[in-house]
Amino acid sequence: AMADGAKIFVIGGKADDPFWSKVKKGADDAGKVAELTGGSVTWLGPQNYDNLGPDAAKLIRTALSQKPSAIVGPDWVPEAMDDAFKEVVAAGVPLIIYNSGGMDAAKRLGAMNYVGNEEYAAGLGGGEYFGSHGAKNVLCVNTLPGSTNTEDRCKGIADAIAKSGGKSTQLPLPSSSFGNPTAVAEAIKAAVLKDNTLDGLITISAGDANSAANAISQANVGDKVKLASFDMDETGLQRIKDGTQMFSIDQQPYLQGYLAVSLLNGFVNYGLDLPTKPVLTGPGIVDAANVEATLAGAAAGAR
Amino acid sequence: MTTPLLRLTGINKSFGPIDVLHDISLEVNRGEVLCLLGDNGAGKSTLIKILSGVHKPTSGRMEMDGKSVEFGSPRDASDHGIATVHQFGGTFPLMSIGRSFFVGAEPTRRWGPLTIYDRKRANEIAVTEMRQLGITRIDDGDRLVGGLSGGERQALAIARAVHFGASVLILDEPTAALGVKEAAHVLRIVLQARRKGIAVIFITHNVVHALTVGDHFAVLIRGSKAADFRKGEKSREAITDLMAGGEQMAELEAEIERFSATNDGHAPRDGEHP
Amino acid sequence: MTTPLLRLTGINKSFGPIDVLHDISLEVNRGEVLCLLGDNGAGKSTLIKILSGVHKPTSGRMEMDGKSVEFGSPRDASDHGIATVHQFGGTFPLMSIGRSFFVGAEPTRRWGPLTIYDRKRANEIAVTEMRQLGITRIDDGDRLVGGLSGGERQALAIARAVHFGASVLILDEPTAALGVKEAAHVLRIVLQARRKGIAVIFITHNVVHALTVGDHFAVLIRGSKAADFRKGEKSREAITDLMAGGEQMAELEAEIERFSATNDGHAPRDGEHP
Amino acid sequence: MPSIGSLVRRPEVGSLIGMIAVLVFFSIFGGANFMSAGGSASWLNVASELGIIALPVGLLMIAGHLDLSVGSMIPASSMTIAIISGHYDLPIIVGILAALSLGLAVGFISGVLVIRTKVPSFVVTLATLFALAGLTLGLSIILSGSTSVALKSGPVAKLVFGDYLGGKFQVTLFWWIAIVLIVGFILNFSRFGNWILAMGGDAVSARNAGIPTDRVTIALFMSSGLCAAFVGMSQAILYNSAQVAAGQSFIFNSIIAVVIGGVLLTGGYGSVVGIVLGTLTFAIVNQGIFYTGFDANWASLIIGVLLLAAVLMNNTFRTMALTYSPRAKPRARS
Amino acid sequence: MPSIGSLVRRPEVGSLIGMIAVLVFFSIFGGANFMSAGGSASWLNVASELGIIALPVGLLMIAGHLDLSVGSMIPASSMTIAIISGHYDLPIIVGILAALSLGLAVGFISGVLVIRTKVPSFVVTLATLFALAGLTLGLSIILSGSTSVALKSGPVAKLVFGDYLGGKFQVTLFWWIAIVLIVGFILNFSRFGNWILAMGGDAVSARNAGIPTDRVTIALFMSSGLCAAFVGMSQAILYNSAQVAAGQSFIFNSIIAVVIGGVLLTGGYGSVVGIVLGTLTFAIVNQGIFYTGFDANWASLIIGVLLLAAVLMNNTFRTMALTYSPRAKPRARS
Ligand SMILES: Nc1ncnc2c1ncn2[C@@H]1O[C@H](COP(=O)(O)OP(=O)(O)OP(=O)(O)O)[C@@H](O)[C@H]1O
Ligand SMILES: Nc1ncnc2c1ncn2[C@@H]1O[C@H](COP(=O)(O)OP(=O)(O)OP(=O)(O)O)[C@@H](O)[C@H]1O
Ligand SMILES: [Mg+2]
Ligand SMILES: [Mg+2]
């Protein structure tokens, strides 16, 4: 049944990562259209982020070895992954870079298009929002120190805040705290208590923001330290609605998966190509102004 | 004759493809010591593991006091008054003497609404029972078992079994690792138990020990019962041959004697070795 | 008299605060069997562990052939021709008989440019040496040790030591777990080794075994050498008392006899137990 | 008659010294905040959750077993309550009961596999760790379409399982204390406790001595499943959400806490006081560093060095306890 | 005279059957691509890196030890070569030697700690795992200011350590084969191999038998450090960059591969053929799922179930090997 349709392979993040599960949902939803014409969408993700670049490069090669009609992949660690992407292009397989790398990477590699935004740019966006709302000292909580994507997020924040005259430091948490919200919350609380000039705090994931919210209320600094997060979940959105969180940086993960797959499906089947390059899905800011609409999407697992 | 306390009929045991015991029938009476003899690997330990609920027989029938019994676990057996000292192990190096003594049958006392382990009583009893076996050096039940010598540990395991052996006491080579004095104490204890009317099953490779305490002998050869006789019915030489798996020991003994005689000094008296 | 093969002078050994051996001096001669006797915990195993390089003495002097030696490891000792069967263990359940036999001293052969383990030769030698000990059931050196009975394993360890015992063979209670026939084989092997001029140190709690093979006896009581005599110099009763840690066994034996006599059958002959 | 000598030989002393050492260290370098109510809450809260899991894991270790599956039990139970009471909006009590039952069920399965197959529990629970993680992920996506589910719980559930007392101390702290008392009673004063010690010392002898080792093993695995499920469930209530990717750090952290607490990795030896001290020590180090001026990058290094130091100290004290002889004479057998 | 009967009793048979089973399974569900050159490369490449680490870890396990520290050895060695030859631009050979020396040094430290302290290697290497992870993170930030460093290596280094042959097969595959041959020779044909087996069977008896157990232990830990460092180093060259990340995946993956390969977790038993088969099985399952239509969400579940099935099968075959008696008679002692 899969003989003639578009066999599209999508390389993405860990399957249990809330952010990537939304990208995957978008890709899977777009895949339903592909399936109507006898195509398929296969999701390839690493089991963990310990070895992100090498693992992702392996996944690209795994995809290529299955004679795909098209491949979608993020350029997380260009040094490690570019060779593999070049092989894809050299084999004549249409390629879309998404989520990270930017249009630069797409051009360099000979990919059709770029869909998404960049971690660094998302960080910049968040930093600017903080800056424009008067934050001068922002803490970036990194529960996965050493990973390129999380480091980039914090770096973006720091660079943007620096422009508006403030500063941002990183709080790296040891692996013995990862996945333990209490350890994360208590570490954040300690940091907040230690530095009483802090006025902003951002976490690299939506789950960590739940811990940070508890830390802030425990430390009793809710009126001073403004909370923000990369990505979001229903609980975080609820906080934005209630006013205990300032904003979330949204890069609309669902759209990244959905658009990239749809574009390739259209290209493989019908030769369609979009003149808009790159296709940017973010960064968007979700704050009190637009939280209601976002909540509806979150309930459906798409935001 | 009265019904035997314990009667086995046609017991078989295989581990997978390996047949270890073959059609064993045996009777054990109150107030008697049954010596179970046999070569290495004859199946003695396996047989007493069946009696003590460690293994289930592949087929066969076990009766206590004329009533058919089946032991699903060692606990079942001890609930029927069977206490066993197994060939290896039986003590717990990192536990106190008192706790080790009462493992699985801890004395308790009330403490408010709760039932708690009675440490004091456990220690007292353990120390007293060890004394009975001639181990007089130990006076603190809180000491850890790991600090005892091999012989002292063996004595602890025996003391435990003696204490709990309500009707049957099984000892699997209890004297193998013991010094002459400790071994003598064990023999004394065995005879004391017999006098109390307890049935004792005693496994040993030592002919002298067997003859000292045994009322009744059963010999296993390659998993089958080769002989079953009462004290005085067979000569020591015949018993030795049976213990050696039915082979003639005379030739081997003669050879040893020859070797031994080539040196100065006198050879051991006849019939005493090995 | 010629220089002894092995001479210990003033050996002391403590484990932390615990003194285990106290000022032991001892001589072991070629072509003689030294029986090391003593109560449980007397320090026999500790002493032979010093001789075999497992422990280092806290103080004291060891000489071989008149030359002072120090053993940093068991390997040093075996390089000096000392082979030991320790009281527990010594075999490896999940290894083949051949490999287990040669552990630490594997035979090798050339294979092109490489030196490789000679499996065939190892198996052959192992099986042959086991035969010598009367273990005739085993004819395949590739069998795993775990499939052997306890007695067969003990025989394997002894066969190994006999094979490697270039000048001194130390056996720590080798017969404790053995059946009468296997034990007799071990005694025969000890006497054979003696005849070959090897010095044997033999530890046992069995008076009969000791008297059968011993030329020379040393008794430890609580870590000190209590007696040192040659065959025929002391009576069996005196030796038994010494083995019991210097206590009078007569009373205990009388008590046992009393118990034993209360039953039917005859009591064991005098002087043979325990 | 407890003398200083006999106190020093208590095996817990090593753990106690260790805890005091890190407490003093971080009090000096962590400043006033560290010992303030808020600062103490910081490590006590972490300790309470880790401690609830470390206690049954410690009992298991004393009995000679390991349980790695707690690492996926935590997310499995938080997702269970979040999907049932959050996504499907059933009453919170249904979610709580389902989460706890799941813990009991997984523990039961691990226990049965261990006793039936005789495979080391390290391997069995490594298998259940992976299997349960896969199940949690797969079922969460099927049922809720997401790997992160929000949960709103009523005031009663919040108060009992997921709230801060005085705005600082998690209620899990009280649950921890309760479980410490229960487990302490079991290990020291009940027959069951004696069985656990005996099983870890020598499983075959323990069975031969009449201990129902199979039932004890299953009960212990069920209790570690239950406690891990409890922590996952209360975290979901406390943080109003559950995530699939969580909890893996508890695998090693619980083992570290227990081992720092003087429990013998190979079984047969350990105490509840030790486990509590080990948990506190670990939590203090893990959180204390954030109160100091040190770079948090070094946290892992400090934890590693601490672990080694603690184990060495415990070994020393255990040996002392073993060679303890009531007579003060130098000769062993006098 | 190898008969079918004696073949079936070879302990590796369990692992072989397991590998064939998953290979057949994924060939059916993975389609033609799975068995194509590209498809095979996909799991062979994964297997080669895991296998290089699994071999020394397997030897250690046979000798009765575990090494968890490989998890942080890999990032530590990648960062070493990247910082030296990337950040500081020193010749690549300096970086390679430094990375490998680091592996030897860490292995040496672990080994010495294990033999000196007599603490179980699980605990010792858990400590080195954390300590090394902390050191790597802290030093990387100090030295390079970043947790991710790029590395450009010349064509020779690329060709030897980090290239694709035929555009598909990593050169590590050949390194793996070489190491398999070496380790296979050591375990089966050298005296050293016999020592390893004996140590795992009974460490005290092994020492008493004259084996220099301390030196063997240290050598084994150094070899696992070296191999982990090799993998980290070659990854840095292959992917032109290195990252700090406290990895836990290689820890459990290497243990799983070794255990699937029939090595006894408690030591004393195992074979190189088995380890290779276990590694291949694990890699096939790990990668094969991407070739099937199954949702990748279930990968962990499959790995967990596989692990359990494999261990049970191995147990059966090990028991068969143990009860093997050359006479075909039913009675054991006839
Ligand atoms: N669990 C088991 N599985 C397989 N075989 C076993 C098992 N237990 C015992 N055997 C075999 O059964 C036979 C009898 O063993 P058993 O331990 O009963 O001998 P024994 O008479 O007590 O010998 P010993 O005097 O050496 O203690 C031996 O061949 C032994 O290998
Ligand atoms: N490693 C050790 N640490 C502390 N004490 C020890 C050690 N090894 C032996 N001992 C003690 O030394 C004493 C002598 O032990 P040893 O094993 O030498 O006795 P033995 O004469 O061989 O006794 P048995 O006849 O029971 O085998 C015992 O009290 C024992 O507890
Ligand atoms: Mg037996
Ligand atoms: Mg001894």
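Chain A is the first sequence line, chain B the second, and so forth, proteins listed ahead of strands; every chain is numbered from 1. Note that the structure is predicted; figures quoted are calculated from it, not measured.
A:Thr235 contributes a side-chain N or O that, together with a main-chain N or O of D:Asn240, makes up a donor-acceptor pair within less than 3.5 Å.
Put simply, the side chain of D:Gln243 reaches to within 4.5 Å of the side chain of A:Asp233, judged on heavy atoms. For the pair D:Tyr164/A:Gln218, a side-chain contact is recorded, criterion being any heavy-atom separation below 4.5 Å from C-beta on. Looking at A:Glu234 and D:His87, their side chains never come closer than 4.5 Å, going by heavy atoms from C-beta outward. The side-chain heavy atoms of A:Lys189 and D:Gln287, taken from C-beta on, include no pair separated by under 4.5 Å.
Environment of NZ in A:Lys194: crowded, with over 12 heavy atoms of neighbouring residues, nucleotides or ligands closer than 6.0 Å. In this structure, A:Lys14 places its NZ atom where more than 12 heavy-atom neighbours from other residues, nucleotides or ligands lie under 6.0 Å away.
For D:Tyr291, the parts lying under 4.5 angstrom from a heavy atom of chain A are both the backbone and the side chain. For A:Ile188, no part lies under 4.5 angstrom from a heavy atom of chain D. Heavy atoms closer than 4.5 Å to chain A are found nowhere in D:Thr136, neither backbone nor side chain. Both the backbone and the side chain of D:Ala41 have a heavy atom closer than 4.5 Å to some heavy atom of chain A. D:Leu238 touches chain A through backbone and side chain together, each having a heavy atom under 4.5 Å away.
Under 3.5 Å, the side chains of A:Asn180 and D:Gln235 contain a donor-acceptor pair of N or O atoms.
The shortest heavy-atom contact between A:Asn210 and D:Ser241 is ND2-OG, 2.6 Å. A pairwise comparison of heavy atoms in A:Ala185 and D:Tyr239 identifies CB-OH, 3.7 Å as the closest pair.
Atom CG of residue A:Leu193 and atom OG of residue D:Ser42 lie 8.0 Å apart, to the nearest 0.5 angstrom. Atoms OG1 and NZ, on D:Thr147 and A:Lys22 in that order, are 7.5 Å from each other to the nearest 0.5 Å.
Residues of residues 245-260 of chain A placed with any heavy atom under 4.5 Å of a heavy atom in chain D are absent; none qualify.
Highest contact tally toward chain D, considering only A:Gly207, A:Pro181, A:Gly236, A:Ala191, is held by A:Pro181 [criterion: heavy-atom pairs under 4.5 Å].
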